[in-house]
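Counting starts at 1 for both ligands and their atoms, in listed order. All figures in this text were calculated on a predicted structure; none of them were measured in a lab.
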Amino acid sequence: MVGATGRQGSAVVRHLLREGWQVRALTRNPASTAAVALRDLGAQLHQVDAMDAATLRPALRGAHGVFTVQNPMPSGVDAEVRQGRNVADAAADEGVRHVVYGAAGVGDELTGVPSWDSKIAVANHLRDRGLPLTVLRPMAFMELMTDRAFYPTLGVWGLMPKLMGPSRPVGWLCTDDLGAIAARVFADPGQWTGRSLSLASDVQSIDECRATWHDVMGRSPRGVALPVWLFERFTGKDLTTMWRWLRTADIDLSTDTARSLLPEALTVRAWLTRARHDRV
Ligand SMILES: NC(=O)c1ccc[n+]([C@@H]2O[C@H](COP(=O)([O-])OP(=O)(O)OC[C@H]3O[C@@H](n4cnc5c(N)ncnc54)[C@H](OP(=O)(O)O)[C@@H]3O)[C@@H](O)[C@H]2O)c1
């Protein structure tokens, strides 16, 4: 499991362990709180740095499958692609039989959105190396609305609706459901290998999410639309490019695949209700 200590990876680890798999959690820092929590759940920790392919091979040796995800936010899309390609090379060299790739976006065509096009580059490399591959493509995590690390006030309730348009559809999935779906994909490689799965358990515009938030929380979410230049100074241009692209793109969003894999996947309302409950 590459990216095991992160949002998606830790959910995948939890669900695989629950299903009885033996899981190796790859991390740069086995002493971190997140890594130790995975070890306490039953995962084996392996120290790697995905920037260095040589560290990945021993960790993947003999593994049946690999879940792999990279985050471009801390170090940029070039580092993301390099890490993703290194994982592909190590997995191919070690004869891994199923790779499940935590990608992103709304399709398999290039869009000019850097953090979506980087996923296509990594997926192409995984295919080029002949790996049996399933690509998981969530569009937006429900955590964008609730997790402070995503700065919801500035993002999902702030500049995102301003640039994208508040009534445009967004495909939502929570990371725990992504984890459950990945575990089901690993359990049935015959059905899911060779496929790129667009995953949304609910499709709601930001205005609709805002109304649901109001119903559930009893107040409106706070939103501040910073000037674009200021937002970009802190986060770069990836998100603003993405939101502008989404304003005019003709995207076909469906909940069918996520629901067929995980009928109990959460709606936005169920997610917000859970978030309110967790805070009490
Ligand atoms: N936010 C959204 O709505 C959304 C929607 C769809 C897709 N996505 C995509 O989701 C991805 C981010 O996933 P996430 O939120 O699960 O990420 P995350 O929580 O930031 O986790 C990233 C993981 O990568 C590991 N990592 C970082 N550098 C590494 C390196 N050099 N070698 C080995 N491991 C390394 C970290 O592990 P250690 O620190 O333990 O080493 C960490 O576990 C992005 O690609 C994004 O485009 C996001």
Student: What protein heavy atom sits nearest atom 13 (O) of ligand 1, and how far away is it?
Tutor: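 It is Gln8 NE2, 3.1 Å.
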Student: By number and element, which atoms of ligand 1 are closer than 4.0 Å to a non-hydrogen atom of Val69?
Tutor: 11 (C), 13 (O)
Student: For atom 45 (O) of ligand 1, what is the nearest protein heavy atom, given as residue, atom name and distance?
Tutor: Gln70 O, 2.5 Å
Student: Would you check the N or O atoms of Arg28, main chain and side chain alike, for any that come under 3.5 Å of an N or O of ligand 1?
Tutor: yes
Student: Using a 3.5 Å cut-off on N or O atoms only, is Val48 in polar contact with ligand 1?
Tutor: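 It does not: no N or O of Val48 is found under 3.5 Å from an N or O of ligand 1.
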Student: Nearest to atom 33 (C) of ligand 1, what protein heavy atom do you find, and at what distance?
Tutor: Ala50 N, 3.5 Å
Student: Do Arg129 and Asp93 meet the salt-bridge criterion of a basic N to acidic O distance under 4.0 Å?
Tutor: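 The answer is yes: the pair qualifies as a salt bridge.
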Student: With a cut-off of 4.0 Å, which atoms of ligand 1 are near a heavy atom of Pro138?
Tutor: 6 (C)
Student: Please test Thr175 against Glu143 for side chain to side chain donor-acceptor pair (under 3.5 Å), starting from the C-alpha separation and ending with a verdict.
Tutor: CA-CA 8 Å; Thr175 51; Glu143 282 84 347; 2.5 Å; yes
Student: Do you see a donor-acceptor pair shorter than 3.5 Å between the side chains of Thr27 and Gln47?
Tutor: no
Student: Which atoms of ligand 1 have any heavy atom of Asp49 under 4.0 Å away?
Tutor: 30 (C), 31 (N), 32 (N)
Student: Would you mind telling me if ligand 1 is within reach of the side chain of Gln83, the backbone, both or neither, using heavy atoms under 4.0 Å?
Tutor: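 For Gln83, the contact with ligand 1 is made by the side chain alone.
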Student: Could you find the nearest protein heavy atom to atom 20 (O) of ligand 1 and give me its residue, atom name and distance?
Tutor: Asn71 ND2, 2.8 Å
Student: Around atom CZ of Arg259, are there more than 12 heavy atoms of other residues, nucleotides or ligands at under 6.0 Å?
Tutor: yes
Student: Nearest 0.5 Å please: distance from the CG atom of Leu154 over to the CG atom of Leu159.
Tutor: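 Here the rounded value is 9.0 Å.
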Student: When only distance counts, is Gly3 in polar contact with ligand 1, meaning an N/O pair under 3.5 Å?
Tutor: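 Yes, at least one N or O pair falls under 3.5 Å.
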Student: Measure the distance from atom 21 (O) of ligand 1 to every protein heavy atom, then report the residue, atom name and distance (to 0.1 Å) of the closest one.
Tutor: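 Going atom by atom, the protein heavy atom closest to atom 21 (O) of ligand 1 ends up being Gly6 CA, 3.3 Å.
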Student: Is the distance between the ring centroids of Trp157 and Trp213 under 6.0 Å?
Tutor: yes
Student: Heavy atoms only, cut-off 4.0 Å: how does Met139 contact ligand 1, side chain, backbone, both, or neither?
Tutor: backbone
Student: Using a 4.5 Å cut-off on heavy atoms from C-beta on, say whether the side chain of Lys162 contacts that of Trp243.
Tutor: no
Student: Can you tell me the protein heavy atom closest to atom 19 (O) of ligand 1 and the distance?
Tutor: Arg7 N, 2.9 Å
Student: Mind checking whether Val203 and Thr255 have side chains closer than 4.5 Å, heavy atoms only?
Tutor: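 Touching, per the 4.5 Å side-chain cut-off.
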Student: Do Leu133 and Arg195 have side-chain heavy atoms sitting under 4.5 Å apart?
Tutor: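 When only atoms from C-beta onward are counted, Arg195 and Leu133 do not touch, as no gap falls below 4.5 Å.
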Student: Please check if the distance between the ring centroids of His98 and Trp192 is under 6.0 Å.
Tutor: no
Student: Does only the side chain of Leu144 get under 4.0 Å from ligand 1, or the backbone, or both, or neither? Count heavy atoms.
Tutor: side chain
Student: When you compare ligand 1 with Thr5, is there at least one nitrogen or oxygen pair between them that comes in under 3.5 angstrom?
Tutor: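 Looking only at distances, the answer is yes, because the N/O contact criterion of under 3.5 Å is met.
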Student: Residue-level breakdown please: for Ala103 versus ligand 1, do any non-hydrogen atoms fall below 4.0 Å on the side chain, on the backbone, on both, or on neither?
Tutor: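 Looking at Ala103 and ligand 1, just backbone atoms fall under 4.0 Å.
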Student: If we only count N/O pairs under 3.5 Å, is Phe141 in contact with ligand 1?
Tutor: yes
Student: What's the shortest distance from atom 47 (O) of ligand 1 to any protein heavy atom, and which residue and atom give it?
Tutor: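 So the nearest neighbour among protein heavy atoms is Lys119 NZ, 2.9 Å.
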Student: Check ligand 1 against Phe150 and write out every atom of the ligand that is under 4.0 Å from a heavy-atom position of the residue.
Tutor: 1 (N)
Student: Just need the protein heavy atom nearest to atom 7 (C) of ligand 1, so name the residue and atom and give the distance.
Tutor: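 In this structure, atom 7 (C) of ligand 1 has Ala104 CB, 3.4 Å as its nearest protein heavy atom.
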Student: Short list, please: which atoms of ligand 1 are under 4.0 Å from a heavy atom of Ala140?
Tutor: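 Near Ala140, meaning under 4.0 Å from one of its heavy atoms, ligand 1 has 3 (O).
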Student: So does Glu94 pair up with Arg24, basic N to acidic O under 4.0 Å?
Tutor: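 Result for this pair is no, no salt bridge flagged.
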